Each structure stands twice: as C-alpha cells, then as structure tokens.
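Both backbone and side-chain heavy atoms feed into the values below; hydrogens, waters and symmetry mates do not. Not measured: the values here are computed from a predicted model.
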Amino acid sequence: MKHFNVLHTDKRARAGRLKTAHGEIQTPVFMPVATLGTVKAVSQEDLKTIETECLLSNTYHLYLQPGLDTLEELGGLHKFMRHPGPILTDSGGYQVYSMSNLRKITDEGVRFQSHIDGSSHFFTPESVIDYQARIGSDIRTFLDVCVENPATHEAAAEALKKTKAWAERAGKHFRATTAGVDEKLKPLMFGIIQGATFPDLRRESALHMAETVNPDGFAVGGLSVGESKNQMHDTLALVTETLPKEKPVYFMGLGSPEDIWEAVGNGADMFDCILPTQNARNGQVLTSQGRFYIKNAPYKRDDSPIDPNCDCYVCKNYSRAYLSHLFKTKELLMNQLLSVHNLRFLINQTKIMREAIKNGNFAEKKKDFLDSYYRDTPRPERDKVRLVPKSNTSED
RNA sequence: GGUUGGGUGACUGAGCGGUCAAAAGUAACGGUCUGUAAAACCGUCGGGCUACGCCCUACGAAGGUUCGAAUCCUUCCCCAACCA
C-alpha cells in the first residue's frame, strides 16, 4: 500500500497526503514539537482547534521521563497524552548534537549522561527503534549523528559514515520487528540524511539512504544549525534533487515562516520546529506583516489583535496591549496564548502553500507572503552565518 | 522642643577620603533562539563629543577642610523612630 501520494506539484513544490496509523497528514505540514509529550503551554483542545495534523515528540526525553515502562503500561504516547492524531518521534539524534558535552559516540552507539540525574544510558540504532515502538509513534526516525556548523569535511564525513552504518542497522531492525504488522497499523520509518553543507556528502547520504536503506520517508537533518540561509537552502535543493520523488521529505527543525516557504519551494514536505512555541514563550509573535516582540513599547497600548489576518482564537479575543501586559507581568496565560497563535500562524501558512501548489501559483503566493512579511523590516542577509555557539547567543 | 538614625541615578539599595558616572537588583529600551537541557539568555541604560579616550553635570541644599569629598566638618531643609 502506498503511504504517500503527491497530489499536486508546482515546479518543485509538492502538495501531498501521507497516511499513518493514526490518520492522514496533508502536506506541506508543520508539526508542533511536543518533546516531553506536551506542546509546551498548549492543551490538547488547542491542538485540535489549530488543526494540528502531526506532532513531533522525542525518544530521548520520553525515555528519561516518564520512562518507557510507564509509557507502555499506560498504553503508549497517544493514549498517555490523549492525542488522537499522528505522532512522529525524533530518535534522539538531535540530543547527540545538542548535548555534546554529555555524550560519547562509538561505532556501536551513543552513551548519554542524563541531563536530569547524570545517570548513564547507551542508545544504539536498534534500541532506539525499539524505544519508539514502545512509545508507539506513527513515524519513527533513525539514530543519526548531526554535526555542528561549521564542520570540517573530515568531521562531517566521519559523522556520515556512522549515520549510514546506523541507518542500515536501524532499517534492518525496523523491518525485522514490524514484519507481521497489518499495513494499516504499520509505523513508517524515516531515514535521516546528513553531510553538513558539503554537496558530495549530502549526495552520498541521499543516494545511500534511497538505494541501500529505502525507508518510507526521508528526513533531512543537520541543517538550520548555524549555517547560512543560502547554504541551508542550497543543501536542501541538492538533496531533494538527488532523492526519488515518490516519498515524503521532512526538513527537520525548520520553523521560521520564510524558511518554510523557501524549503517547500525546494521540495520539502514536512517540518517541525520549536521556534513558534519557544519564541512565543520569549515574547516574539509571528504575523503576516512580520514578526515582533509583544513586550516592546509600541504594543503597550495597541488594542488591535496580534495579526488582523489570523483566524486563531487569540487574535479574535485578545489585544496586543493585553498580551503585552501578560508578558511583562509574567502571567502564565501568555505562554499558552502566544504559542497557540504562533502555531496557528504556521499551520495557516502551510494551508496557503497547499492551495497555491494546487492552483499553480506557488511562486506568486510566496512573493506575496515575503513582501508583506518584510514590509517594515529589512530582509535578513542570506549568507550570514551564525557565529556564536547555541548556548551563548546574543546580539547587540 | 529633645535624642537617635537617615536623605545616593526612574525605584529598592551598596559604597563611607582617591582605582566612583557610582555595586547589585528591579523597571525601562532593544535583541537572540530553527529534529527544546530554555516561561531561557544577551546587550544598552546621566548628558555631550573630533568617542578603546575626553569634557560637562551628578550622591538633599549651601559653605568649609583637603592635592583630592557621595564619603570628613558646620549650618540649614526634609524623613523615620523614640522621649517630652
């Protein structure tokens, strides 16, 4: 049974449908991030209201808390969090990257030191597949090795070598452990493509994944980690050109609206990102006319909604002035309201994209979006590289 | 009326002879964040410059001591507590 159908194309942009055990996903899709089995500050009711199609959760974090025994006893993640829709789980590969001071990589797997209590845990490509089975996610990903940017070709090649070997092991294990499962209930496995920003490595990774591992979908990892926008988009374009066209492409960790427009134009179908929720908690909101900080002076007495063009319940019922007040007074409701809005904004963008692809005017709609989004602010430099490490970001 | 303790930048509050345009926190102003170790973090924060330095104006007010005072002395004005 074919789990993914490309319904419409407009140049390289595609609109499609992905079937999972917990329902269909229309693509392009934005998946809110529920690392610990919750989209931070957002309720299940909210997720439904904003028309969430798929959630992303995290193997590493769920493994530590509440623990897989607990999760399994309570019927898996869907039942535990009462989420009826599809869930994709990240393998923990991102934690290999972001918690580099707490882990050690060997050919066999990754030894983590828990960030909670310091206890030691060993993840292998196979065990991570088993963990995701216990979580019960619909889309499961392989353990990979993501390198920081900038990386030397040597380091990226070394990481890719492990990623490839691990993908083969994980794919084999996945097939062996899901062999008898009914097609309709069968989870999907997504392989992760690495190779930093080196074209030869990216091509090698994509070809290897497609030809040797042949997963249900392709995740593009190791991007949006500090490289320039040009590098990021060029790398994606090269990967989608290399990959077969009949399977979904998931750009891991991409979440600013302008980037998603660009990436959909380059053939990506699925996205997840902490940005809309994390930025919401830090007071930044997205609108069709650009993004801004709700806490900033101009909004203190602004009685208008965050985005007059948004259909979310926050924009219909709350003013900028009130939300600004909530932020400044550290009222917890702010986290929920701004998160709901930002998520709904991105989901609405994907709906506009699908419609545009169907109508064959994607480029035009993309231009409309960007013209409006950058109406009052200069467009960012596309070749600018993030120089400061993740843990020490600042700008003056 | 007396005694004692105080009056420091928007606020709270350190400093108690030079290294003080003055700690720290708050507020204010601006920003960062892309498969979440984040309801986190980072700047700026008296004014003016021919700015990695210089010049003004500043620690209740006015005098004074000193090479030099937010810091010591005198007087005055406020504030708090207590005593009449």
Every protein N/O lying under 3.5 Å from an N/O of nucleotides 9-11 of chain B:
none

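- Contact annotation: the side chain of L243(A) approaches that of I193(A) to within less than 4.5 Å [non-hydrogen atoms, C-beta and beyond].
- Among residues two or more places apart in sequence or in another chain, the salt bridge (charged side-chain N to carboxylate O under 4.0 Å, His left out) test is passed with D311(A) by R344(A).
- Pairs engaging residues 25-41 of chain A under the side chain to side chain donor-acceptor pair (under 3.5 Å) rule: none recorded [sequence neighbours left out].
- Checked against G30(B), A27(B), G35(B), the side chain of D90(A) finds its nearest nucleotide in G35(B).
- In terms of heavy atoms, G92(A) sits closest to L143(A) at C-CD1, 4.2 Å.
- Residue E73(A) places its CD atom among 12 or fewer non-hydrogen atoms of other residues, nucleotides or ligands, all under 6.0 Å distant.
- Nucleic acid contact for G222(A): base, since at least one base atom lies under 4.0 Å from a heavy atom of the residue.
- Remark: C1' of G35(B) and CD of Q278(A) are 13 Å apart, rounded to the nearest angstrom.
- In this structure, L223(A) atom CG and C33(B) atom P are separated by 16 Å, rounded to whole Å.
- A 4.5 Å side-chain heavy-atom check between T124(A) and R169(A) finds at least one atom pair inside the cut-off.
- A salt bridge links E53(A) with R354(A): the closest approach of a Lys/Arg side-chain nitrogen to an acidic carboxylate oxygen falls below 4.0 angstrom.
- Taking atom NZ on K300(A) and atom P on A27(B), their separation rounds to 13 Å, with Å as the unit.
- For the segment residues 107-128 of chain A, residues with any heavy atom less than 4.0 angstrom from an atom of RNA chain B are, sorted by number, H115(A).
- Note: CG (N342(A)) to P (A39(B)) measures 15 Å, nearest angstrom.
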### Query
Given the rule that a pair is Watson-Crick or G-U wobble with both distances under 3.5 Å, how would you write RNA chain B in dot-bracket, using | for pairs to a different strand?
((((((((.[[[..)..(.....]]].(((((.......))))).((((...))))...[[[[[..)....]]]]]))))))).
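- Take the nearest nucleotide of RNA chain B for L102(A) and for A297(A): the residue whose nucleotide is more 5' is A297(A).
- If you check distances only, the side chain of T277(A) does reach the base of U36(B) with a donor-acceptor pair under 3.5 Å.
- For the segment residues 27-37 of chain A, the set of residues with a heavy atom within less than 4.0 Å of an atom of RNA chain B comprises V33(A), T35(A), in numerical order.
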### Audit row: E241(A), R12(A), salt bridge (Lys or Arg N to Asp or Glu O under 4.0 Å) steps and yes/no
CA-CA 9 Å; E241(A) 275 165 26; R12(A) 288 153 67 185; 3.7 Å; yes
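- Rounded to whole Å, the separation between the C1' atoms of G9(B) and U36(B) comes to 40 Å.
- Listed for the N359(A) side chain is no donor-acceptor partner under 3.5 Å among the backbone atoms of N361(A).
- Distance, K295(A) NZ to A40(B) P: 11 Å, rounded to whole Å.
- Put simply, Q95(A) has a side-chain N or O that comes within less than 4.0 Å of OP1 or OP2 on U36(B).
- One atom, OH of Y94(A), and another, P of A37(B), lie 7 Å apart when rounded to the nearest Å.
- Near RNA chain B, defined here as any heavy-atom distance below 4.0 Å, the residues from residues 189-197 of chain A are I192(A), Q194(A), listed numerically.
- Rounded to a whole Å, the CD1 atom of I274(A) is 9 Å from the P atom of A38(B).
- In this structure, the side chain of T240(A) engages the main chain of N266(A) through a donor-acceptor pair within 3.5 Å.
- Near RNA chain B, meaning a heavy atom under 4.0 Å away, the residues from residues 47-62 of chain A are L56(A), N58(A), H61(A).
- Base orientation of C52(B): syn, the glycosidic angle falling within 90° of 0.
- Between the R291(A) side chain and the S256(A) main chain, no donor and acceptor come within less than 3.5 Å of each other.
- Nearest to the side-chain atoms of P298(A) among the listed nucleotides G35(B), A39(B), G30(B) stands G30(B).
- Distance, L275(A) CG to C41(B) C1': 15 Å, rounded to whole Å.
- Here A28(B) is the nucleotide among U36(B), A39(B), A28(B) with the atom lying nearest to any side-chain atom of K328(A).
- Residues in residues 152-164 of chain A take part in these side chain to side chain donor-acceptor pair (under 3.5 Å) pairs, two or more places apart or across chains: H153(A)-D200(A), E158(A)-K162(A), K164(A)-E204(A).
- With sequence neighbours excluded, no residue forms a ring pair (Phe, Tyr, Trp, His ring centres under 6.0 Å) with H8(A).
- F198(A) belongs to a hydrophobic cluster with L160(A), L201(A), counting contacts under 4.5 Å between side-chain heavy atoms of Ile, Leu, Val, Met, Phe, Trp and Tyr, direct or through other members.
- RNA chain B is contacted by R281(A), N282(A), Q284(A), R291(A), Y293(A) of residues 281-294 of chain A, taking any non-hydrogen atom closer than 4.0 Å.
- Remark: the N101(A) side chain and the A37(B) base include a donor-acceptor N/O pair separated by less than 3.5 Å.
- In summary, the side chains of H61(A) and D90(A) do not present any donor paired with an acceptor at a separation below 3.5 Å, with no hydrogens or angles considered.
- Judged by distance alone, the side chains of Q231(A) and N149(A) never bring a donor and an acceptor atom under 3.5 Å apart.
- Within 4.0 Å of N296(A), counting heavy atoms only, lie sugar-phosphate atoms of the nucleic acid but no base atom.
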### Task
Take Y322(A) and D303(A) through the test side-chain contact (heavy atoms from CB on, under 4.5 Å) and record every step on the way to the result.
CA-CA 8 Å; Y322(A) 181 67; D303(A) 199 43; over 6 Å; no
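- Here the straight-line distance linking atom OG1 of T177(A) with atom CD of Q132(A) works out to 10.5 Å at 0.5 Å rounding.
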